Each structure stands twice: as C-alpha cells, then as structure tokens.
Amino acid sequence: MVERSKLDSEARRKEKQAQRDADAQALANGEITQSDLAKRNGLFTAARIVRFKVNYKRG
C-alpha cells in the first residue's frame, strides 16, 4: 500500500499568509501595481463584464 502524505493545513495557511504579506509589501513599496498583482493572481480576480448585442436573423 502506498503511503499518502497528509495535508498540513497549518503549514499551508502560513505559506499563503506569507505570500499575502509579501504582496502587500511589494505593493506598498511600489514594486508592483495593483493591476499587475491582479494579473498575477488571475484565478482569483473578478471576471470582466462585457456587453454585447445579439442579432438574430430568421431564415
């Protein structure tokens, strides 16, 4: 039987917090813009809302 490694949630929480702190520091120092930070963390940014018109032709 293959031994599975356990997820260490406390270590992961600390890792994520350290990254947030580093991002906040880089933002405060002007090393990165809010826009660049949003692009880097793209998975967690809001989707852009786009309007468009749909034309339907019969026949």
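Quantities reported herein were computed from a predicted structural model and do not represent experimental measurements.
Every residue meeting the salt bridge (charged side-chain N to carboxylate O under 4.0 Å, His left out) condition with Glu15, not counting sequence neighbours, appears here in chain and number order: Arg12. Evaluation of the side-chain contact (heavy atoms from CB on, under 4.5 Å) rule for Glu10 yields Asp8, Arg13, Lys14 as partners, not counting sequence neighbours. In this view, Ala26 and Glu31, Ile32 satisfy the side-chain contact (heavy atoms from CB on, under 4.5 Å) rule, not counting sequence neighbours. Scanning for side-chain contact (heavy atoms from CB on, under 4.5 Å) contacts around Ser9 gives an empty result, with sequence neighbours left out. Partners of Gln17 according to the side chain to side chain donor-acceptor pair (under 3.5 Å) rule, which considers only residues two or more places apart in sequence or in another chain, are Arg20, Asp21. For Asp36, there are no salt bridge (charged side-chain N to carboxylate O under 4.0 Å, His left out) partners, not counting sequence neighbours.
Here the closest heavy-atom approach between residue Leu27 and residue Leu37 is recorded as CD2-CD2, 4.3 Å.
For the atom pair CD of Gln34 and CG of Asp23, the computed distance is 9.5 Å after rounding to the nearest 0.5 Å.
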